[in-house]
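Scope of the values below: all heavy atoms of this structure, side chains included, with no hydrogens, waters or symmetry mates. It should be emphasised that the depicted structure is a prediction, and the values quoted were computed from it without experimental measurement.
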Amino acid sequence: MIRTVESAPHVSAPVLAAYSYCEAVTGQQARNFAYGIRLLPTPKRRAMSALYAFSRRVDDIGDGALTDEVKVARLEDTRELLTRIRDGAVDEDDIDPVAVALAHAAETFPIPLGGLDELIDGVLMDVRGETYETWDDLKVYCRCVAGAIGRLSLGVFGTEPGARGAERAPEYADTLGLALQLTNILRDVREDAVGGRVYLPSDDLAKFGCSVGFSGPTPPEGSDFAGLVHFEVRRARALFAEGYRLLPMLDRRSGACVAAMAGIYRRLLDRIERDPEAVLRGRVSLPGREKAYVAVRGLSGLDTRHITRRAVRRRA
């Protein structure tokens with residue numbers, strides 16, 4: 001069983017201020033992520049905001065306009081900061097609020113901070129401009145930038161005492177991260193192409209006649225772009241189905257958080273499946289009211305009950 005912490009002792013003013021900063025960053029920049037963590041009790045919500053703020057810092061370095069050399073240097077500086085946090089060398093009065101908040105969160109919850117090292121490794125892969133020949137190759141990247149976030153989050157959520165199969169919870173959290181990342185890749189395929197990045201496996205691109213890339217709002221001439229998208233959608237759905245086995249292992253509010261975040265991405269996947277070329281014309285997104293509905297559905301426990309019933313039928 002993974003230990004869970006529902007309450008925390010008194011939090012000092014400097015740490016509260018650091019958490020407030022991280023929550024502000026999350027609220028302003030997280031979009032889909034914020035809908036899920038609003039459903040958590042305060043200690044967990046704060047810890048997840050600290051994780052997001054640190055992860056966002058890493059992502060912003062990779063996505064920024066700096067030279068590759070400077071990006072690598074700043075990512076390594078961030079890794080050194082992570083080492084200080086892991087070693088308990090960040091004081092409450094440190095000038096970096098993200099470091100203060102994450103240090104406190106790591107003291108409060110059993111967060112596997114090595115996952116943030118993996119995130120840095122993944123962003124370094126972006127900086128180097130790596131491409132991926134096969135799905136197995138792409139999975140390595142996805143595990144760094146998204147699977148690791150799933151495992152970090154599980155450190156905050158914990159599992160319910162006596163949850164069946166809880167030893168596999170990190171595996172399911174990792175897989176759910178892969179599902180979200182593959183959905184992201186499909187949604188951002190044109191935006192990434194404009195930025196010179198290609199994530200979809202070259203084997204898949206060749207299979208569907210899309211090796212020339214996506215430089216415009218229409219598919220490459222003679223390609224089966226819809227076939228490519230539907231192929232990747234099926235892969236993402238299989239990952240969601242596997243990762244959703246995590247839900248019955250979580251307490252109600254943690255499960256609601258995961259169901260809300262995953263539910264938003266599953267609905268994005270539905271939209272992409274219905275109109276594959278939409279991802280070439282612009283950014284596919286959900287309106288706020290639909291995200292709110294998904295969050296309410298998660299809090300109701302509908303997805304968790306559905307997964308539980310399906311597991312019971314499999315064992316029968």
Are the side chain of [X] and the backbone of [Y] linked by a donor-acceptor contact shorter than 3.5 Å?
| X | Y | value |
| --- | --- | --- |
| R253 | L40 | yes |
| R151 | A173 | no |
| Y19 | S49 | no |
| D60 | R57 | no |
| D188 | E191 | no |

Close side-chain approach of [X] to [Y], heavy-atom, < 4.5 Å:
| X | Y | result |
| --- | --- | --- |
| F225 | C210 | yes |
| V72 | R128 | no |
| V198 | D192 | no |
| R38 | R45 | no |
| F214 | P220 | yes |

Inset, instruction - Starting from the C-alpha separation in whole Å, work towards a yes-or-no answer on side-chain hydrogen bond (donor to acceptor under 3.5 Å, both in side chains) for Y21 and D96. - result: CA-CA 10 Å; Y21 174 85; D96 187 337; over 6 Å; no

Inset, instruction - Mind listing the closest non-hydrogen atom pair of G36 and M261 along with its distance? - result: CA-CG, 3.9 Å

Inset, instruction - Indicate the atoms forming the closest heavy-atom contact of L39 with A256, along with that distance. - result: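 Heavy atoms of L39 and A256 come nearest at CD1-O, 3.5 Å.
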
Under-4.0 Å salt bridge between [X] and [Y]:
| X | Y | answer |
| --- | --- | --- |
| K139 | D174 | no |
| E118 | R143 | no |
| D77 | R74 | no |
| D63 | R56 | no |

Legend entry - Intermediate values then yes/no, side-chain hydrogen bond (donor to acceptor under 3.5 Å, both in side chains), T175 and E242: CA-CA 7 Å; T175 300; E242 180 74 6; 5.6 Å; no

Inset, instruction - With E273 as reference, evaluate R237, R266, R187, R235 under the salt bridge (charged side-chain N to carboxylate O under 4.0 Å, His left out) test and give the passing residue. - result: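 Single pass found, and it is R237.
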
Inset, instruction - State which residue, out of I111, V98, D94, L102, fulfils the side chain to side chain contact (heavy atoms under 4.5 Å, CB included) condition with I85. - result: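 For I85, the side chain to side chain contact (heavy atoms under 4.5 Å, CB included) check succeeds only for L102.
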
Inset, instruction - Sort out for me which residue in I272, L280, N184 forms a side chain to side chain contact (heavy atoms under 4.5 Å, CB included) with V189. - result: L280

Inset, instruction - Following the transitive rule for hydrophobic clusters with a side-chain heavy-atom cut-off under 4.5 Å over Ile, Leu, Val, Met, Phe, Trp and Tyr, establish whether F231 and V229 coincide in one cluster. - result: yes

Legend entry - Within 6.0 angstrom of Q29 CD, more than 12 heavy atoms from elsewhere: yes

